[in-house]
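Atoms considered below: every heavy atom in the structure, side chains included; atoms not considered: hydrogens, waters and symmetry mates. Residues take their numbers from the sequence shown, with the count starting at 1.
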Amino acid sequence: EVRRLYETEILPLQDASLAMADEAYRAGKLSISEVLIAQRNVALARAGWVEAQRESALAIAELERAVGRPIARIVNPDENPAPDQTQDEN
């Protein structure tokens, strides 16, 4: 899933890249423009993650609309009973 790829790979790599660029700048090994590029890359990665979150939410909403009920009730029907269902212990 794209969202998980952002969370586990892309964002951590971009954050690490920015931290290294900042450290190299402070040591006089990089210019400020290279740090700004790293900051831009982090911002772009975060924007991509937000877009992936949005697409995931839209896909879930579309699926729920198609099946006529929340996905949670399909995946875990015992944990999320429908409001009109009563559980009889007799």
Side-chain angles (χ1 to χ4, degrees):
E1 173 174 323
V2 175
R3 186 181 61 162
R4 193 164 300 143
L5 179 64
Y6 271 97
E7 293 169 353
T8 61
E9 300 285 332
I10 297 170
L11 290 173
L13 286 173
Q14 291 300 326
D15 287 338
S17 177
L18 175 58
M20 288 188 297
D22 188 52
E23 188 176 316
Y25 170 74
R26 291 177 190 277
K29 296 179 181 179
L30 285 181
S31 69
I32 190 69
S33 64
E34 291 169 302
V35 175
L36 293 173
I37 289 169
Q39 288 177 342
R40 183 192 66 185
N41 290 338
V42 168
L44 290 172
R46 288 181 182 160
W49 176 78
V50 168
E51 179 63 19
Q53 292 278 78
R54 185 186 76 78
E55 288 178 11
S56 178
L58 290 173
I60 290 170
E62 186 176 324
L63 182 58
E64 288 177 337
R65 191 171 34 258
V67 297
R69 61 188 201 173
I71 296 301
R73 286 197 209 146
I74 295 169
V75 176
N76 299 310
D78 296 333
E79 292 178 19
N80 300 300
D84 59 337
Q85 290 180 339
T86 57
Q87 299 205 352
D88 221 5
E89 306 249 341
N90 296 352

Any side-chain heavy atom of [X] within less than 4.5 Å of one from [Y]?
X: Asp15; Y: Arg46; value: yes
X: Glu34; Y: Tyr25; value: no
X: Gln39; Y: Gln14; value: no
X: Glu62; Y: Arg65; value: yes

Measuring from [X]:[atom1] to [Y]:[atom2], what's the distance to the nearest 0.5 Å?
X: Gln53; Y: Leu58; atom1: CD; atom2: CG; answer: 11.5 Å
X: Trp49; Y: Arg3; atom1: CH2; atom2: CZ; answer: 8.5 Å
X: Ser17; Y: Ile37; atom1: OG; atom2: CD1; answer: 10.5 Å
X: Asn41; Y: Leu44; atom1: CG; atom2: CG; answer: 6.0 Å

Legend entry - Polar side-chain atom of Glu64 near backbone of Ile71 as donor-acceptor pair, under 3.5 Å: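 At least one qualifying donor-acceptor pair exists.
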Inset, instruction - Could you tell me whether the side chain of Thr8 and the main chain of Arg4 form a donor-acceptor pair under 3.5 Å? - result: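 Yes, the answer is positive, given that a donor and an acceptor are paired below the 3.5 Å cut-off.
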Minimal non-hydrogen separation, [X] against [Y], with atom names:
X: Ala45; Y: Ile10; value: CB-CG2, 3.9 Å
X: Ala52; Y: Val2; value: CB-CG1, 3.9 Å
X: Leu18; Y: Val35; value: CD1-O, 4.0 Å

Legend entry - Flag if over 12 foreign heavy atoms under 6.0 Å of CD, Glu51: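 Atom CD in Glu51 is crowded, with more than 12 foreign heavy atoms closer than 6.0 Å.
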Inset, instruction - Can you establish whether the number of heavy atoms outside Glu1 located under 6.0 Å from its atom CD is more than 12? - result: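 More than 12 heavy atoms, drawn from other residues, nucleotides or ligands, come within 6.0 Å of this atom.
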